[in-house]
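All remarks here apply to the structure that follows.
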Amino acid sequence: MTSPETELVRVLDQGGRFAPSPAAERYLPLIEAIGDAELEQFYRDMVVIRAIDTQATNLQRQGQLALWPPSRGQEAAQVGSGRAARAQDTIFPSYREHVVTRIRGVDPVDIIKLMRGVSHGGWDPADPKNGNTRLYTLVLGSQTLHAAGYAMGLSFDGRTGTGDPERDEAVIVYYGDGASSQGDVHEAMVFAASYQAPTVFFLQNNHWAISVPVSTQSRVPLVERSAGYGIPSVRVDGNDVLASYAVSRVALDEARSGLGPRAIEAVTYRLGAHTTSDDPTKYRGSEEEQAWAERDPIVRMRAFLAGKGASDAFFAGVDAEAADAAEDLRARTVELGPPSPDLIFDHVYSEPHPLMAEQKAWRAAYEASFEGGN
């Protein structure tokens, strides 16, 4: 039996019609207040990132990247939550939140640099242009501990729960269904709940932890894991960008206002491979993939916008923008050169350090000792 806590929040049906589920009722005033420009931005975000994602996959197949984790199918969960965050909030991604990082200001080529192996982190999380976005974390679940600890710091420093929504801060951390079985995630929830830290745990349940299905990972809906720690938890249709936005907006507002951590399970589906080193045909059937393809979040939102009167010119413009973004990604990727060897010394310490200077000089002298200095 489905409990009220696990009932799915959905606003758009599979065909893109406005058909809120009973669990969505509390969010309707927020959804109805979204303007047409913002709705169109949601669609634009999803279409552009899918084009970038497809291009990056192609680049890996052509030997330009070591690896690429596709986000195809998960765009609505990410766009809705990413657009719900305020500028002062801090984002802790895992390694598939391409559109969230782009919304926050990160250049997609910085993700490419990481996957190409020419950067140690991809981007500077302290640079304001990157919108308080922390680095990708490939160690499953560890970013949830980082997020909970950071959120505890916000509480200790009086940067949350003051009653000033323009200043109060929160944290949102992304992880997947596979990571939800990691001990780090559960430890993070213990600390976030104990200290009432302003953390939103955003679980993207894409149904497959590489080749292990959710049915093997958990005997109960994953949302009940966070609820078990006393964290108010919501289950949302992760292929419905409006529902994702509304649920995330409320959760972040509540966390930011001092009510403690919140958790969201976005039920979505990874339409592609786990990464470009994976072959999903080895462990799941085409019938399942086709059933989820029919719930494509972009197709659903396009139908909704068309029903509201969006023009063919609008859709054509978005497609053109997406094609330009993908081509720009390709052009700048193939132009990337190797990193300077000095980078391995430059960021070991936050300040200049004599030991690093000594080691850098040794390396330079060693390489110069070879014929041609190379």
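Annotation: side chain of D237 is in contact with side chain of R300 (closest heavy-atom distance under 4.5 Å). The shortest distance between side-chain heavy atoms of L305 and F42 does not fall below 4.5 Å. Within the 4.5 Å cutoff, the side chain of R86 has heavy atoms near those of the E166 side chain. Side-chain contact between F315 and V47 is absent, with no heavy-atom pair separated by less than 4.5 Å. You'll find the side chain of S119 stays beyond 4.5 Å of the side chain of P339, heavy atoms only. Using a 4.5 Å cut-off on side-chain heavy atoms (C-beta onward), H274 and W208 make no contact. Counting only heavy atoms from C-beta outward, the side chains of V100 and F202 never approach each other to under 4.5 Å. H186 has its side chain out of reach of S180: every pair of non-hydrogen atoms, C-beta onward, lies at least 4.5 Å apart.
Closest non-hydrogen pair, G337 versus V118, comes out as O-CG1, 3.9 Å. Considering every non-hydrogen atom in both L271 and R284, the closest pair reads O-NH2, 3.3 Å. Taking each heavy atom of A179 and G141 in turn, the nearest pair found is CB-N, 4.0 Å. Looking at every heavy atom in both residues, R256 comes nearest to D253 through NH1-OD1, 2.7 Å. Of all heavy-atom pairs between A192 and A148, the closest is CB-CB, 4.4 Å. The shortest heavy-atom contact between L145 and A188 is CD2-N, 3.6 Å.
Among pairs with a residue in residues 48-57, those fulfilling side-chain hydrogen bond (donor to acceptor under 3.5 Å, both in side chains) read R50-E75, R50-D296, D53-W68, Q55-R330, at least two apart in sequence or across chains. Within the structure, the side-chain hydrogen bond (donor to acceptor under 3.5 Å, both in side chains) test picks out the following pairs touching residues 338-349 (sequence neighbours left out): D342-R363, D346-K360. The list of side-chain hydrogen bond (donor to acceptor under 3.5 Å, both in side chains) pairs with a residue in residues 120-145, not counting sequence neighbours, reads H98-Y136.
Aromatic ring centroids of F345 and H353 lie 6.0 Å or more apart.
Shown here are the side chain to side chain contact (heavy atoms under 4.5 Å, CB included) partners of S311, two or more places apart in sequence or in another chain: A313, F314. With sequence neighbours excluded, the residues that form a side-chain hydrogen bond (donor to acceptor under 3.5 Å, both in side chains) with R302 are Y43. Every residue two or more places apart in sequence or in another chain that forms a side chain to side chain contact (heavy atoms under 4.5 Å, CB included) with A263 is listed here: F201, S226, I231, S233. Partners of D279 by side-chain hydrogen bond (donor to acceptor under 3.5 Å, both in side chains), not counting sequence neighbours, listed by chain and number: T281. Every residue two or more places apart in sequence or in another chain that forms a salt bridge (charged side-chain N to carboxylate O under 4.0 Å, His left out) with D36 is listed here: K308. Taking R17 as the reference, D13 meet the side-chain hydrogen bond (donor to acceptor under 3.5 Å, both in side chains) condition, with sequence neighbours excluded. For the side chain to side chain contact (heavy atoms under 4.5 Å, CB included) test, residues two or more places apart in sequence or in another chain that qualify with S181 are Q217, R225.
By the rule that hydrophobic residues join a cluster once side-chain heavy atoms approach within less than 4.5 Å of another member, I52 and V241 end up as members of one cluster. Both L28 and V236 belong to a single network of hydrophobic side chains, linked directly or stepwise wherever heavy atoms of I, L, V, M, F, W or Y lie under 4.5 Å apart. Cluster membership for F92 and L138, using ILVMFWY side-chain heavy atoms within less than 4.5 angstrom, is not shared. L203 and V220 fall into different hydrophobic clusters, where Ile, Leu, Val, Met, Phe, Trp and Tyr residues are linked whenever their side-chain heavy atoms come under 4.5 Å apart, directly or through other members. With hydrophobic clusters built from ILVMFWY side chains whose heavy atoms lie under 4.5 angstrom apart, V200 shares a cluster with V247.
The closest donor-acceptor contact from the side chain of R159 to the backbone of G153 lies at 3.5 Å or more, if one exists at all. Looking at R116, its side chain never comes within 3.5 Å of a backbone N or O of Q60 through a donor-acceptor pair. In this structure a side-chain-to-backbone donor-acceptor pair under 3.5 Å is missing from E367 to A364. Counting only distance, with no hydrogens or angles, the side chain of R295 and the backbone of D240 share no donor-acceptor pair below 3.5 Å. With hydrogens and angles ignored, the 3.5 Å screen pairs a side-chain donor or acceptor of Q88 with a backbone N or O of P165. In this structure a side-chain-to-backbone donor-acceptor pair under 3.5 Å is present from D89 to A170. S244 places no side-chain N or O within donor-acceptor distance of the main-chain N or O of G238, the cut-off being under 3.5 Å. Listed for the R262 side chain is no donor-acceptor partner under 3.5 Å among the backbone atoms of L252. S21 places a side-chain N or O within 3.5 Å of a backbone atom of L8 that can act as its donor or acceptor partner. T199 places no side-chain N or O within 3.5 Å of a backbone atom of V171 that could act as its donor or acceptor partner.
Y269 pairs in a side-chain hydrogen bond (donor to acceptor under 3.5 Å, both in side chains) with only one of the listed residues (H207, Q204, E288, R72), which is E288. Shown are V334, D328, L336, L329; of these, the side-chain contact (heavy atoms from CB on, under 4.5 Å) with R332 is made only by D328.
Enclosure of atom CD in E358 is not indicated, since only 12 or fewer non-hydrogen atoms of other residues, nucleotides or ligands lie within 6.0 angstrom. The local environment of CG in D157 is crowded, with over 12 non-hydrogen atoms from other residues, nucleotides or ligands closer than 6.0 Å. The environment of CD in E32 is crowded: more than 12 heavy-atom neighbours from other residues, nucleotides or ligands sit within 6.0 Å.
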Might you work through the side-chain contact (heavy atoms from CB on, under 4.5 Å) test for V173 and Y150, ending with a clear yes or no? CA-CA 11 Å; V173 58; Y150 190 91; over 6 Å; no
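Between I91 atom CD1 and S81 atom OG the span is 8.0 Å, to the nearest 0.5 Å. Separating the CG atom in N206 from the CG atom in D177 is a distance of 5.0 Å, to the nearest 0.5 Å. Rounding to the nearest 0.5 Å places CD of E289 at 9.0 Å from CZ of R270. Rounded to the nearest 0.5 Å, atoms CD1 (I49) and CD1 (I103) are 8.5 Å apart. Of the inter-residue distances, the one linking L242 atom CG with Y245 atom OH reads 10.0 Å to the nearest 0.5 angstrom. Taking OG1 from T333 and CG from L59, the interatomic distance works out to 5.0 Å, rounded to the nearest 0.5 Å.
Between the side chains of Q78 and Y174, not a single donor N or O lies within less than 3.5 Å of an accepting N or O. With 3.5 Å as the limit, one finds a donor-acceptor pair spanning the side chains of T268 and N239.
Residues near L67 contribute nothing to a hydrophobic cluster around it, because no ILVMFWY side-chain heavy atom sits closer than 4.5 Å to its side chain. In this structure, F156 belongs to a hydrophobic cluster whose other members, linked by side-chain heavy atoms under 4.5 Å apart, are M152, F191, Y195.
Using cut-offs of 30° and 60° on the angle between ring planes, the pair W362 and Y366 is parallel.
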